[in-house]
Structure formats: structure tokens, C-alpha cells
Amino acid sequence: MPELPEVETLCRQLNAILPGEKVLAVEILDPRLGEGEGERLIGRKIAAVYRRGKSIRIEIGKRDRLSDMSPETDRGKVKKIRMDKGFTAELHLRMTGRLFWQTDATSLPPYTRLVMTFSAGKLLLIDPRRFATFHARSRGAALPPLANPLEGLPARRLGEIAGMRRLPVKHFLMDQRIVAGIGNIYACEILHHACVDPRRPSGSLAANEWRKVEKAAAVILPRAVACRGTTVSDWRDLFGISGENQKHLKVYLRDGETCRRCGGKIGYMKLSGRGTWFCPACQK
DNA sequence: TATAATGTTAGACT
DNA sequence: AAGTCTAACATTAT
């Protein structure tokens with residue numbers, strides 16, 4: 001469920017809480033998430049949290065001085081432990097993953113799959129469908145940055161990449177290798193704002209149409225971040241609070257209702273296997 | 001009971 | 001070879 005604005009919301013909220021916090025425990029409750037992945041994070045401090053596309057990357061630093069001062073350890077060993085570069089815990093929420101910051105001693109909510117304990121609280125991964133992924137990797141070379149639609153989607157680049165491709169433009173915008181972070185809701189909304197029919201072959205868009213797509217993304221995505229995401233079913237932010245962006249939806253889930261721009265009737269169809277809402281009257 | 005769900009990807013098919 | 005399409009993953013809610 002979470003797309004760029006939702007993941008961005010979580011990252012910002014995590015960044016206000018986690019840096020400097022030490023990982024006290026990691027419990028993996030769903031074996032699909034990998035067995036010993038969490039062990040090596042224990043005793044380390046969070047440096048910062050970043051978003052890359054729809055992934056949440058928690059940068060975790062070197063082991064804290066006190067925690068590796070086991071008495072009588074030979075110095076070589078201690079040194080070795082502290083020489084590493086730290087880890088990155090990478091979370092991808094896929095369809096139904098959520099993060100929740102729990103600060104009271106209540107029991108874990110249903111479908112909790114992972115618990116990361118800090119002194120200030122517990123970070124829970126809740127995921128009914130169990131598609132979410134979690135990996136703790138030692139920090140290596142920085143990954144190449146993905147095109148970040150929050151920093152703008154240059155129309156020219158989009159046109160170049162689209163070339164002569166016949167892939168529907170909606171599918172094109174959702175290709176994470178091209179544009180990192182747009183999913184089904186925002187692809188529908190961006191194309192409606194840009195007045196472009198989602199079925200159009202991506203290679204058929206004229207330069208001015210890509211410019212409209214660029215502008216649409218620049219309106220829709222930052223507003224969705226400011227609204228802390230779109231709650232149409234189960235999306236909640238880190239503190240369990242619904243987003244507000246559903247108020248701004250023009251087509252998504254509005255099947256049969258009236259287009260607020262032209263008065264036409266919002267249509268629904270399956271495109272590339274995904275539900276697609278659009279206004280046939282004003283999206284050409 | 002059948003269907004769809006805010007994501008990704010392996011494998012099949014052009 | 002490269003582009004495109006489909007099914008599969010696991011589970012709930014309607």
C-alpha cells in the first residue's frame with residue numbers, strides 16, 4: 001500500500017525519533033523475513049533514516065564503545081568489532097506493510113512480524129499479507145541514487161527514456177527503475193492531473209504532454225507528503241494516525257462518480273493487471 | 001464464495 | 001535481445 005508519499009512520511013517521522021537510539025533487541029516473528037538478520041544490529045546506534053524509492057533504509061553505525069567492552073577481551077578482537085562500517089536495515093512494505101512506534105506496554109497488534117526495541121520505544125512492522133521484506137546488510141558502497149520524483153521529474157528525460165516504447169504510460173510511471181516511488185494511486189492521479197489517458201503508449205506522448213506529467217507530479221506528490229499519505233483502507237503513519245490526502249483524490253476509487261474537472265464520468269478498467277481509474281472525457 | 005487489494009518479480013511469450 | 005504480459009507470492013475484507 002505505501003507509495004512514495006507514505007514511505008516519505010514514515011522516514012521523516014523515524015528521523016525525528018531514531019537517530020542516536022541504540023538497538024536493544026530485534027525479534028523476527030515471521031520466518032519469511034529471514035532468520036538471524038537482526039542479531040548483528042544489536043548494540044548499535046541509529047545514524048539516520050533514508051528513503052530510496054519505496055524502501056526505508058535505516059543506517060546503523062558502529063557498535064557502541066560500552067557494549068563491546070567485555071572484561072578481559074583481547075584488544076585485537078575489540079578492535080576488529082569496531083572496525084566495521086555498520087549496517088543498513090532495509091525495509092520494503094510492499095502491499096500491506098505498516099510501521100508503528102509503540103511506546104506503551106500494551107501487547108503487540110495482530111500481524112506484527114518484526115519488533116525492533118529501543119530505549120524510547122519499539123518499532124513494529126505490521127503486515128497481514130506478509131509481502132514486506134527486511135534485510136540487514138553491512139554498509140557497502142553507496143547505491144546509485146534513483147530518480148526521485150520529489151526533486152522533480154524532468155520531462156525531457158522521461159521522453160527520452162520512453163523513446164518509442166509501447167508500454168502504457170501508467171505502467172511506465174510505475175516502473176521503479178525509471179521513476180522510483182510512484183505506485184497505483186499516484187500514477188492514476190498524476191495522469192488525471194496531466195490530462196493524459198493511462199493507456200497511451202509511453203512513446204506516443206509529445207514533449208508538452210511530458211511537461212504536463214512533470215507538473216502534475218510536482219503538485220500531487222509534495223501535497224500527498226504534506227498530508228502524510230493517502231488513507232483509503234489501512235494506511236496509518238508511524239503513530240497510527242490516518243493520512244489526509246484522500247480528500248484530494250480526483251479519480252482513484254471514484255469509479256462512476258463525476259469528474260471534478262470536466263463533469264464526465266470516471267471510468268474503471270484493468271491495465272497491466274492493476275485497477276485503473278481515469279476520466280475518458282478529459283484524459284486524452 | 002468469488003474478487004480485488006496502495007508491490008515486485010520470475011518466467012513465458014512476442 | 002529487448003519489450004511486454006501474466007501469474008505468483010499470502011491474507012484479509014467486501
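Order of the sequence lines fixes the chain letters, A, B, ..., with proteins taken first and strands second; residue numbering starts at 1 for each chain. Quick caveat: nothing in here was measured; it's all calculated off a predicted structure. For the numbers below, each heavy atom of this structure counts, side chains included, while hydrogens, waters and symmetry mates do not.
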Students often get this wrong, so: under 4.0 angstrom with heavy atoms, is [X] touching a base, only sugar-phosphate, or nothing?
X       : answer
R166(A) : sugar-phosphate
P2(A)   : base
G273(A) : nothing
I185(A) : base
Y186(A) : nothing
S272(A) : nothing

Given atom [atom1] of [X] and atom [atom2] of [N], what is their separation to the nearest angstrom?
X       : N      : atom1 : atom2 : value
Q246(A) : dA5(B) : CD    : P     : 18 Å
M269(A) : dT3(B) : CE    : C1'   : 19 Å
E3(A)   : dT8(B) : CD    : C1'   : 13 Å
R32(A)  : dG7(B) : CZ    : C1'   : 13 Å

P atoms of dA13(C) and dT8(B), separation to the nearest Å:
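After rounding to an integer number of Å, I get 23 Å for this pair.
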Establish, from distance only, whether the side-chain atoms of [X] and [Y] form a donor-acceptor pair under 3.5 Å.
X       : Y       : result
Q246(A) : T230(A) : no
T9(A)   : Q13(A)  : no
N148(A) : R52(A)  : no
K85(A)  : S138(A) : no

Any link between L18(A) and V26(A) through a network of hydrophobic side chains (Ile, Leu, Val, Met, Phe, Trp, Tyr) touching at under 4.5 Å?
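L18(A) and V26(A): one cluster.
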Starting from Y186(A), can I reach V7(A) by hopping between I/L/V/M/F/W/Y residues whose side chains sit under 4.5 Å apart?
no
Is any side-chain N or O of [X] closer than 4.0 Å to OP1 or OP2 of [N]?
X       : N      : result
Q176(A) : dT8(B) : yes
R129(A) : dA5(B) : no
H92(A)  : dT8(B) : yes
Y268(A) : dA5(B) : yes

Backbone of E3(A) reached by a side-chain donor or acceptor of E6(A) within 3.5 Å:
yes
Dot-bracket for DNA chain B, 5' to 3', counting Watson-Crick or G-U wobble pairs under 3.5 Å, with [ ] for crossing pairs and | for inter-strand pairs?
.||||.||||||||
Side-chain donor-acceptor pairs of residues 190-201 of chain A under 3.5 Å, sequence neighbours excluded:
unit_1, atom_1, unit_2, atom_2, d
H192(A), NE2, R261(A), NH2, 3.4
D197(A), OD1, R199(A), N, 2.8
D197(A), OD1, R199(A), NE, 3.1
D197(A), OD2, R199(A), NE, 3.4
D197(A), OD2, R199(A), NH2, 2.8
R200(A), NE, S204(A), OG, 3.1
R200(A), NH1, E209(A), OE2, 3.1
R200(A), NH1, K284(A), O, 2.9
R200(A), NH2, S204(A), O, 3.1
R200(A), NH2, E209(A), OE1, 2.8
R200(A), NH2, E209(A), OE2, 3.4

Can you tell me how far OG1 of T112(A) sits from NZ of K122(A), rounded to the nearest 0.5 angstrom?
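Interatomic distance, K122(A) NZ to T112(A) OG1, rounded to 0.5 Å: 10.0 Å.
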Give the first and the last nucleotide of DNA chain C, reading 5' to 3', that has any atom under 4.0 Å from a heavy atom of chain A.
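Endpoints of the contacted stretch of DNA chain C: dT4(C) to dT12(C).
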